[in-house]
Every structure is written in C-alpha cells, then in structure tokens.
Colleague: 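Just passing along the structure, written as structure tokens.
Just so you know, ligand 1 is whichever comes first in the structure, and atom 1 is the first atom listed for that ligand. Heavy-atom basis, side chains included; hydrogens, waters and symmetry copies ignored. All residue numbers in this chain count up from 1 along the given sequence.
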Amino acid sequence: MLNIVIFGAPGSGKGTQSELIIKEFGLEHISTGDLLRVEIKNKTELGKIAGQYIDKGQLLPDDLIIDILANVLEEKKNAKGIIFDGYPRTIPQAEALKKMLNKHNKDVNVMLNLEVEEEELINRLIARGLIQGRSDDNRETIQSRLDVYHSQTTPLVEYYTKEGKHHAIKGTGSIESIFEQIKTILAKHVG
Ligand code: B4P
C-alpha cells in the first residue's frame, strides 16, 4: 500500500508527474482539480459552485471538498495505492484525509513537494492557458492562486515534515529528470 500526496504550487508539475507515477507504480489517481473541471464541463450544481471559486483563483470551502474527497475515496478503498494530486490544500483537509485513511488502518506514506521558482510557475501557466484555454490560467487569476498557495497551502510543508513524510523535489529541469528523483524516493517505500 502506497499513498502519496503530490504537492506544489500551481504549475509545479503535479498533474504531469502524477501521470508518470501512476504508469510506473500502478496507483489510482485522485485529482480534485480534474474532478471539479468535469463537474464544470457537465454543468452540474457542484460545477456551478466550483466555477465561481476556480475562476477567481480561490479554494473551494473545506467542507465541500472534504465531502467530495470522502466519496471518491470510498470508491477506491480497495486500490493498491492512491496518488492525491491537488489535495490536501489546507491543514483541515490534511487532517480529514488522515482520519479517513486511519479508519481503514492506512495513512499517507509520502509527501512529494515539487519546488519551482515563482517566475517559472507563471511562465508555465501562461503557456498552458494559451494552449489549453483553462479559465484560471490567466495572469490575474494565476497571481491569486499563488497568493492563496502561500497563505493557505504552504503550512502543509511543516505539517508533513512533522509527520516525517515530507520530501523536497527540485521541480525544474526536464520532466524525466524530475521523475528520476521521485522514483528514487518511492523505491524506498515499495516492497
Ligand atoms: P488543480 O487542477 O490542482 O491545478 P494546478 O495547481 O494548476 O495543478 P496542475 O496539476 O493542473 O498543473 P501542473 O502543475 O501539472 O486545481 C485547480 C483549481 O481547483 C484550484 O485553483 C482550486 O480553485 C480548485 N481546487 C482543486 N483542489 C482543491 C482543494 N483540494 N481544495 C480547494 N479547492 C481546490 O502543470 C502546469 C503546467 O506546467 C503544464 O502545462 C505542464 O505541461 C507544465 N510542466 C509540468 N512540468 C514541467 C517541467 N518540468 N518543465 C516545464 N513545464 C512543465
């Protein structure tokens, strides 16, 4: 059982590296950002609410996102392992995740922190906005997302460091070289 939290600022490469980890280690993927984008595309009630937050670069309220996570986790409870991508983003979300996993005698095993300088993050997200047209990949919203990341999400670095699970990864360079660093860390956790 290998439960991984992939962590980093918007544009740090969480989604990109998650795909490679899943292929290599056969894990299930939970990306709260992807889940919300499907809801928005399908114009569901949840999608309408999510869109209002995402377009402003803000986080959804903890209660709402914790409920969503609990439902998805229940569906994947027999998975060999799960990669949590974009969740948790606040301390209450991390505490809720711990409780949910502990109920099944499980826990987060590793937190991978992709470290990338702000200028590079902004360049990547602007480039993605031009290619994929994501509504939150424009200069103004990117800045709000980075501000929210610094104020609400970075306390998780200390949280997982105290738990002995934090691993810093240099998130710049080629996608393959970043994945090599991740593989070296994960190799120590798979039997
Ligand atoms: P997310 O979808 O999680 O958005 P993200 O932080 O931008 O990460 P993403 O995984 O997409 O990008 P990546 O770094 O891989 O969340 C979107 C929004 O949903 C949030 O702002 C929030 O409103 C809401 N939300 C989601 N989860 C929530 C939660 N738990 N609580 C509350 N609200 C929540 O990639 C970025 C770009 O960089 C890509 O174009 C990629 O190709 C490129 N890239 C990657 N690696 C690279 C490398 N090594 N070199 C060059 N480019 C690279």
Colleague: With a cutoff of under 4.5 Å between side-chain heavy atoms, which Ile, Leu, Val, Met, Phe, Trp and Tyr residues group with I131?
Modeller: none
Colleague: Are L156 and I66 linked, directly or through other ILVMFWY residues, by side chains that come within less than 4.5 angstrom of each other?
Modeller: yes
Colleague: Clusters formed by hydrophobic residues whose side-chain heavy atoms approach within less than 4.5 Å: which one holds V148, and what are its other members?
Modeller: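 L59, which link up through side-chain heavy atoms under 4.5 Å apart, make up the rest of the cluster.
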Colleague: Check whether the side chains of D147 and S144 place a donor and an acceptor atom closer than 3.5 Å, and report yes or no.
Modeller: no
Colleague: Please name the pair of heavy atoms, one in V157 and one in M111, separated by the smallest distance, quoted to 0.1 Å.
Modeller: CA-CE, 4.2 Å
Colleague: I'd like the residue list for ligand 1, meaning every protein residue with a non-hydrogen atom under 4.0 Å from the ligand.
Modeller: P10, G11, S12, G13, K14, G15, T16, T32, G33, L36, R37, I54, Q58, L59, L60, I65, G86, Y87, R89, Q93, R124, R128, R134, D136, R145, G173, I175, I178
Colleague: Mind checking what makes salt bridge (charged side-chain N to carboxylate O under 4.0 Å, His left out) contact with K98, not counting sequence neighbours?
Modeller: D107, E163
